[in-house]
Amino acid sequence: MNNISSNSSLSTLDRSILQKCIHCGMCLPSCPTYQETKIERNSPRGRISLMKAIAEHAMELTPEFAHELYFCLGCLACQSACPVGVDYKTLFEASRQDIEKSKVLNNLFRLTARTLLIKFLFLSPTRLRTFGKLLRLFQKTGLVKWINGFPFLPQKLREMALALPPIAPRFSFELISSHEIPSGNKSLYKVGLLTGCVQDLVFPNINRDTADVLLYNGCEVFCPPRQGCCGSLHAHNGEMETAQQLAKALISAFPVERLDGIITNSAGCGSHLKHFAELFPKGSEWRKKAEKWDQKVYDIHEWLVKIGYSIPKPTSLTIHSIRVTYHDACHLCHGQKIKNEPRKILKSLPNVEFVELKDADNCCGSAGIYNILQPTMAKKLLLKKIERIKETTASVVCTANPGCLLFIQKGLREQALNHQLVHPISLLAHYYRLTNQDSLEVPQSKA
């Protein structure tokens, strides 16, 4: 057993955060794990009771508590449902930070995996892209299909290797110039474009589509080629010091003072990117820089609706209607409170029949690396999501987070379903291209 120290993250939280939960139970219907197990400790109020007991030294931080906090998806649906505004995100991240400091879950495999992924690869865009290139080569050879035949590798490592998504042939910096201006130099806004880490390796086409949509709407785009991970993965997994380090690097990579907005197209990243100031001490120089950063970060859907985006016009190429549905990524709808903007954009597309997805804001089970750490629960949530998608009879499913895209695609593939899965902004970019093909194919760029 490990006693929590007096300067732990939970112990040093403002008392009002820990005391705010009134145990009313309004969060219970929204919590995916509680709905599956009906066990109180698997609910938000159950977890908060444990956090409070540990913070007040009424109980020790045990492996059981640690496993419980990693059984939580961190989807923040409880935060949306809470009538008194409990800040579950802060409690959740503080708890995981204490868990990692206590080392109660440490074993050789876990320690090696976390060190390699979180503290080595994701700290450097160069290292991450080099790893991506090696993985791409490995996937091209076809050896990945035979990885289960390598008995000298730990089973968990083999499972992780098989779960890795295909790496794109080119990364974002190879598709997007560091500085691009709209056709005719008609620049109304100056924005920075964040390319992410997983998005950069797996879905750089979404980043290119986002740049094209911004250009079409009169935005001058700054996209530093060496920008790295935002630190969301680290903050959600108890590595706050590393998250702080990554935040500093990302802020330094952009000309923040010159920009009207800093644009993200990844729900999980956006929820973290808007709160960089919380990573730094009050009154510090980095806190001031982060506060300016936070004020300028926008989700792409949020930004487009704010500036009054151009609605694509019907053409001879858009005469056939398509049925489209939309899955709310947890950290977009619960973390950033953005639900209407993606729907507004999708409903504005010519000859698109938008059909609402039942339980659209229920987690699909991806939740960052949750689907790797908790595959059984993740699979249950995924199957529920796939059933809801089937009910819509939509041919196109949209969602705005790379993890959701990958996990839902996995579920559709396993059931041999032919739905097209796309980011809403990629669909918007497609319609812009149909409306005016020349305006997007040759964006001007500056070195």
Side-chain angles (χ1 to χ4, degrees), residues 4 8-10 13 17-18 20-21 23-55 59 61-82 85-102 104-105 110 114 118 232-240 243 267-268 271-272 275 328-335 359 361-382 384-385 401 403-404 407:
I4 191 167
S8 71
S9 298
L10 279 173
L13 280 179
I17 297 176
L18 281 162
K20 202 165 190 178
C21 177
H23 305 284
C24 65
M26 295 292 286
C27 59
L28 300 183
S30 71
C31 178
T33 51
Y34 177 78
Q35 285 303 306
E36 284 296 326
T37 68
K38 300 300 183 185
I39 298 172
E40 181 68 20
R41 73 168 182 272
N42 298 154
S43 74
R45 70 177 182 183
R47 290 168 180 140
I48 290 172
S49 292
L50 294 173
M51 294 174 195
K52 185 180 174 184
I54 290 172
M59 66 173 277
L61 196 160
T62 63
E64 290 74 23
F65 171 77
H67 284 300
E68 182 55 53
L69 263 291
Y70 276 99
F71 187 56
C72 174
L73 291 122
C75 67
L76 304 183
C78 57
Q79 199 161 285
S80 292
C82 182
V86 170
D87 185 0
Y88 187 80
K89 174 182 176 289
T90 296
L91 292 167
F92 172 78
E93 291 183 350
S95 297
R96 286 199 170 179
Q97 192 173 5
D98 284 345
I99 288 165
E100 295 312 318
K101 286 180 179 177
S102 73
V104 294
L105 291 180
R110 187 178 189 275
R114 284 180 67 91
I118 296 179
S232 171
L233 174 68
H234 305 76
H236 296 330
N237 286 277
E239 299 288 347
M240 284 301 183
S271 185
H272 177 68
H275 302 283
D328 287 284
C330 295
H331 282 252
L332 193 58
C333 67
H334 301 307
D359 301 325
D361 59 358
N362 283 9
C363 186
C364 67
S366 173
I369 58 174
Y370 186 89
N371 60 94
I372 298 172
L373 300 176
Q374 303 284 349
T376 303
M377 178 58 71
K379 185 68 178 289
K380 288 180 180 179
L381 300 177
L382 178 61
K384 284 186 176 182
K385 184 63 64 176
N401 192 59
C404 299
F407 203 51

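The two residues Ser9 and Asp98 come nearest to each other via the heavy atoms N-OD1, 2.8 Å. Ser271 and Lys89 make their closest contact through O-CE, 4.5 Å (heavy atoms, listed as atom of the first residue, atom of the second, distance). Between Tyr70 and Leu373, the shortest heavy-atom distance links the atoms CD2-CD1, 4.4 Å. The heavy-atom pair separating Ala235 from His272 by the smallest distance is CB-CE1, 3.6 Å. Residues Asn401 and Ala267 come closest through the heavy atom pair OD1-N, 3.3 Å. Between Ile17 and Leu13, the shortest heavy-atom contact is CD1-CD2, 4.4 Å.
The 12-atom threshold is not exceeded at NZ of Lys379, counting heavy atoms of other residues, nucleotides or ligands nearer than 6.0 Å.
The pair Arg96-Glu100 fails the salt-bridge criterion, with no side-chain N (NZ, NE, NH1 or NH2) lying under 4.0 Å from an Asp/Glu carboxylate O. Remark: Arg114 engages Glu239 in a salt bridge, criterion side-chain N to carboxylate O under 4.0 Å.
With contacts defined as side-chain heavy-atom distances shorter than 4.5 Å, the pair Leu332/Asp328 does not qualify. Using a 4.5 Å heavy-atom cutoff, the side chains of Met377 and Thr37 are in contact. Contact annotation: the side chain of Ser49 approaches that of His23 to within less than 4.5 Å [non-hydrogen atoms, C-beta and beyond]. In this structure, Leu10 and Leu61 have side chains that are not in contact, with every pair of non-hydrogen atoms separated by 4.5 Å or more. Between Leu28 and Arg45, the closest side-chain pair of non-hydrogen atoms falls below 4.5 Å. Residues Cys72 and Phe92 meet the side-chain proximity criterion, which asks for heavy atoms closer than 4.5 Å.
Looking at residues two or more places apart in sequence or on another chain, you find a side-chain contact (heavy atoms from CB on, under 4.5 Å) between Ser30 and Cys27, Ala77, Cys78, Ala81.
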Exercise. Please test Thr62 against Val104 for side-chain contact (heavy atoms from CB on, under 4.5 Å), starting from the C-alpha separation and ending with a verdict.
Key: CA-CA 7 Å; Thr62 63; Val104 294; over 6 Å; no
Quiz item: Which is it for Leu91 and Lys52 under the side-chain contact (heavy atoms from CB on, under 4.5 Å) test, yes or no, and what are the steps along the way?
Solution: CA-CA 9 Å; Leu91 292 167; Lys52 185 180 174 184; over 6 Å; no
Self-check item: Pair Tyr370-Phe71, side-chain contact (heavy atoms from CB on, under 4.5 Å): steps then yes or no
Solution: CA-CA 8 Å; Tyr370 186 89; Phe71 187 56; 3.7 Å; yes
Exercise. Before giving the answer on side-chain contact (heavy atoms from CB on, under 4.5 Å), spell out for Met59 and Leu50 the whole-Å C-alpha distance, their side-chain angles and the decisive distance to 0.1 Å.
Key: CA-CA 8 Å; Met59 66 173 277; Leu50 294 173; 3.9 Å; yes
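Expressed to the nearest 0.5 Å, how far CG of Leu69 lies from CD1 of Ile99 amounts to 4.0 Å. Remark: Asn371 CG to Thr376 OG1 distance equals 12.0 Å, nearest 0.5 Å. From Ser43, atom OG reaches atom CD of Gln35 across 10.5 Å, with rounding to the nearest 0.5 Å. Taking CD of Glu36 as the start and CG of Asn42 as the end, the distance is 10.5 Å to the nearest 0.5 Å. With rounding to the nearest 0.5 angstrom, the OH atom of Tyr88 is 8.5 Å from the CG atom of Leu76.
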Would you list the atom pairs, donor with acceptor, under 3.5 Å between side chains in residues 361-369 and any protein atom, with sequence neighbours excluded?
unit_1, atom_1, unit_2, atom_2, d
Asp361, OD2, Lys339, NZ, 3.3
Ser366, OG, Gly403, O, 3.1

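At least one donor-acceptor pair closer than 3.5 Å links the side chain of Lys385 to the backbone N or O of Asp359.
Note on ring orientation: taking the six-membered ring where Trp is involved, the planes of His236 and His331 are tilted (angle from 30° to 60°).
Pairs of residues two or more places apart, or lying in two chains, never qualify as salt bridge (Lys or Arg N to Asp or Glu O under 4.0 Å) while including a residue from residues 71-82.
Remark: of the listed residues Gln374, Glu68, Lys380, Arg47, Arg47 is the sole one forming a side-chain hydrogen bond (donor to acceptor under 3.5 Å, both in side chains) with Thr33.
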